[in-house]
S.K.: 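My structure is below; once you've seen it, I'll send some questions.
Worth knowing before you read on, the calculation uses all heavy atoms, side chains too, and leaves out hydrogens, waters and symmetry mates.
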Amino acid sequence: MSGVGRGELTDKAWAVIEPLLPEPGRRSGRWRNHRQVINGILWKLRTGAPWRDLPERYGPWKTCHERLRRWTDDGTWDSILARAQVYDDGQPVEWIISVDSSIVRAHQHAAGARKKGDLPAASRYQRDGEALGRSRGGLTTKIHLAVDGRGRPLSVLLTAGQANDNPHLFPLLDAIAVHNGGPGRPSKKPDMLIADKAYAHDRTRHGLRRRGIAHTIPERCDQVARRAAKGSRGGRPPAFDKQVYRQRNVVERCFNRLKQWRALATRYAKRAALYRSSLLLVAALIWLR
């Protein structure tokens with residue numbers, strides 16, 4: 001496609017994404033082109049504007065919103081990110097994984113979704129109050145992110161903004177599944193995990209050792225003092241490599257890239273699943289740049 005606009009799908013990205021999209025439905029009238037619709041969704045994410053302000057060149061705003069919702073429910077966005085992660089660009093996944101979290105402010109428009117008691121068998125995010133919580137800044141959502149050694153997203157989880165980081169480390173690692181295109185199970189186990197002091201819990205270190213995952217996590221000041229107070233009974237400090245730890249900045253840079261999209265830097269979507277799908281789409285574009 002000639003004349004690709006700023007923030008729209010490149011030909012390379014479209015070649016990867018197109019085979020994963022559902023076949024056009026059999027309806028009377030003209031079926032809106034998938035690429036046109038995804039470009040409309042990307043315009044919305046880049047600008048943060050209301051859906052009703054979508055330019056006419058992308059078609060009806062209801063069509064774009066409906067496909068975002070439909071492909072969220074059937075797992076299409078997850079499939080797109082999974083395919084992008086193994087796209088052969090000469091730079092395979094680098095299994096030195098960094099994890100971290102970041103809080104995003106939730107706009108007042110995001111606060112109208114049905115709550116826990118209204119949904120009998122809802123998704124994980126709906127059961128969790130749509131991943132909305134109250135922090136000092138008001139309504140917030142926390143993004144938990146794992147990236148490879150080049151800062152490319154591997155898995156994304158959402159929680160309420162006030163949630164602690166550490167309890168969500170293993171679910172975040174379990175969500176990593178890189179399919180190599182051949183038979184066998186997907187790759188999940190990192191060669192090295194890098195995390196900050198928010199994950200410096202003894203139980204977490206024991207869990208990582210049971211899984212055979214090498215890790216570089218600094219000790220907190222209170223842990224150092226407690227071990228020193230025990231003297232020889234305090235044991236040796238956990239292994240920590242300062243040179244390796246310097247590579248953790250890749251996850252911070254990934255957050256910066258995601259938040260260049262205004263509808264990701266501030267959450268407007270009522271449903272956490274739709275907000276997560278928006279993150280997955282942009283994450284796939286990071287792999288396909």
Side-chain angles (χ1 to χ4, degrees), residues 3-14 16-17 35-51 53-55 57-58 61 64-65 68 71-72 77-78 80-81 83-85 87 89 91 93-94 97-110 131-132 135 137-159 161 172 196 247-289:
V4 175
R6 186 166 69 94
E8 295 184 351
L9 291 176
T10 63
D11 291 337
K12 182 177 78 170
W14 176 242
V16 175
I17 291 174
R35 185 171 183 174
Q36 181 186 23
V37 169
I38 294 179
N39 283 334
I41 295 171
L42 291 174
W43 183 91
K44 152 71 175 172
L45 298 181
R46 180 168 55 84
T47 64
W51 281 106
D53 293 344
L54 194 73
R57 66 180 180 272
Y58 298 121
W61 70 267
C64 294
H65 183 272
L68 174 64
W71 293 345
T72 294
W77 302 115
D78 292 271
I80 288 173
L81 177 58
R83 178 65 185 88
Q85 289 171 347
Y87 175 69
D89 62 349
Q91 294 184 326
V93 176
E94 188 172 305
I97 291 179
S98 298
V99 300
D100 204 353
S101 69
S102 182
I103 292 177
V104 296
R105 184 83 175 268
H107 193 271
Q108 59 184 1
H109 293 167
L132 285 174
S135 302
L139 286 176
T140 55
T141 293
K142 180 173 282 190
I143 306 171
H144 302 265
L145 181 66
V147 303
D148 81 334
R150 295 187 176 90
R152 299 172 297 185
L154 292 172
S155 63
V156 179
L157 293 178
L158 298 181
T159 63
L172 189 65
D196 63 15
Q247 302 179 43
R248 198 187 70 84
N249 68 85
V250 295
V251 69
E252 304 290 351
R253 298 206 304 267
C254 185
F255 275 122
N256 290 338
R257 296 179 68 182
L258 291 173
K259 290 184 178 183
Q260 290 176 7
W261 300 74
R262 293 185 180 181
L264 301 184
T266 300
R267 175 180 163 182
Y268 297 95
K270 288 182 172 63
R271 289 184 55 195
L274 295 183
Y275 180 68
R276 178 177 176 271
S277 293
S278 302
L279 287 165
L280 296 181
L281 173 56
V282 175
L285 295 185
I286 291 175
W287 282 88
L288 298 173
R289 62 178 179 175

S.K.: For L9, is there any backbone N or O sitting under 3.5 Å from a side-chain donor or acceptor partner on N39?
M.R.: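 Yes.
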S.K.: Would you call I143 and V156 a side-chain contact if the rule is heavy atoms closer than 4.5 Å?
M.R.: yes
S.K.: Do you know the tightest heavy-atom contact between C254 and L145?
M.R.: SG-CD2, 3.7 Å
S.K.: In sequence, state the C-alpha distance, the side-chain angles, and the governing distance for K259 and S102, and then conclude on side chain to side chain donor-acceptor pair (under 3.5 Å).
M.R.: CA-CA 10 Å; K259 290 184 178 183; S102 182; 2.5 Å; yes
S.K.: Enumerate the residue pairs fulfilling salt bridge (Lys or Arg N to Asp or Glu O under 4.0 Å) with a member in residues 278-288, sequence neighbours excluded, ordered by first and then second residue.
M.R.: none
S.K.: Measure the CG-CD distance between N256 and Q260 for me, rounded to the nearest 0.5 Å.
M.R.: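 The CG atom of N256 sits 7.5 Å away from the CD atom of Q260.
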S.K.: With rounding to the nearest 0.5 Å, note down the distance linking CG in L68 to NE2 in H65.
M.R.: 6.5 Å
S.K.: If you draw the axis of the six-membered ring of Y275, does the NZ or CZ of K270 fall within 45° of it and under 6.0 Å from the ring centre?
M.R.: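 Judged by the rule (NZ or CZ under 6.0 Å from the ring centre, within 45° of its axis), K270 is not positioned above Y275.
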S.K.: Sub-3.5 Å donor-acceptor pair from the side chain of R83 to the main-chain atoms of I17, do we have one?
M.R.: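 No.
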S.K.: Would you check, one step at a time, whether the test salt bridge (Lys or Arg N to Asp or Glu O under 4.0 Å) holds for D78 with R276?
M.R.: CA-CA 10 Å; D78 292 271; R276 178 177 176 271; 3.1 Å; yes
S.K.: Do the non-hydrogen side-chain atoms of W261 and L42 ever get within less than 4.5 Å of each other?
M.R.: yes
S.K.: Could you work out, with salt bridge (Lys or Arg N to Asp or Glu O under 4.0 Å) as the rule, every residue matching R262, not counting sequence neighbours?
M.R.: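 Residues passing salt bridge (Lys or Arg N to Asp or Glu O under 4.0 Å) with R262: none at all.
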S.K.: Roughly how far, to the nearest 0.5 Å, is OG1 of T159 from NZ of K142?
M.R.: 6.0 Å
S.K.: Mind checking the OG1-CG spacing from T141 to L158? Nearest 0.5 Å is all I need.
M.R.: 6.5 Å
S.K.: Does any non-hydrogen side-chain atom of R248 lie less than 4.5 Å from one of D100?
M.R.: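 Side-chain contact under 4.5 Å: yes.
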S.K.: In residues 278-289, what donor-acceptor pairs under 3.5 Å come from side-chain atoms, sequence neighbours left out?
M.R.:
unit_1 : atom_1 : unit_2 : atom_2 : d
S278   : OG     : L274   : O      : 3.0
W287   : NE1    : P153   : O      : 2.7

S.K.: Roughly how far apart are L154 CG and L172 CG, rounded to 0.5 Å?
M.R.: 9.0 Å
S.K.: According to side-chain hydrogen bond (donor to acceptor under 3.5 Å, both in side chains), who are the partners of S101, at least two apart in sequence or on a separate chain?
M.R.: D165
S.K.: Tell me, please, which residues at least two apart from W71 pass ring-ring contact (aromatic ring centres under 6.0 Å, His included).
M.R.: H34, W77
S.K.: For R152, enumerate each residue passing the side-chain hydrogen bond (donor to acceptor under 3.5 Å, both in side chains) test, keeping only those at least two apart in sequence or located in another chain.
M.R.: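 side-chain hydrogen bond (donor to acceptor under 3.5 Å, both in side chains) check on R152 returns D148.
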S.K.: To the nearest 0.5 Å, how far apart are CZ in R57 and CD in E8?
M.R.: 6.5 Å
S.K.: May I ask you to test the I41-Y58 pair for a side-chain heavy-atom distance under 4.5 Å?
M.R.: no
S.K.: Using every non-hydrogen atom in the two residues, find where P50 and K44 come nearest and quote the distance to one decimal.
M.R.: CA-NZ, 4.2 Å
S.K.: Compare every heavy atom of R267 with every heavy atom of A110, then report the nearest pair and how far apart it is.
M.R.: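 For A110 and R267, the tightest heavy-atom pair comes out as CB-O, 3.7 Å.
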S.K.: Apply side chain to side chain donor-acceptor pair (under 3.5 Å) to Q108 and Y268, showing your working.
M.R.: CA-CA 8 Å; Q108 59 184 1; Y268 297 95; over 6 Å; no
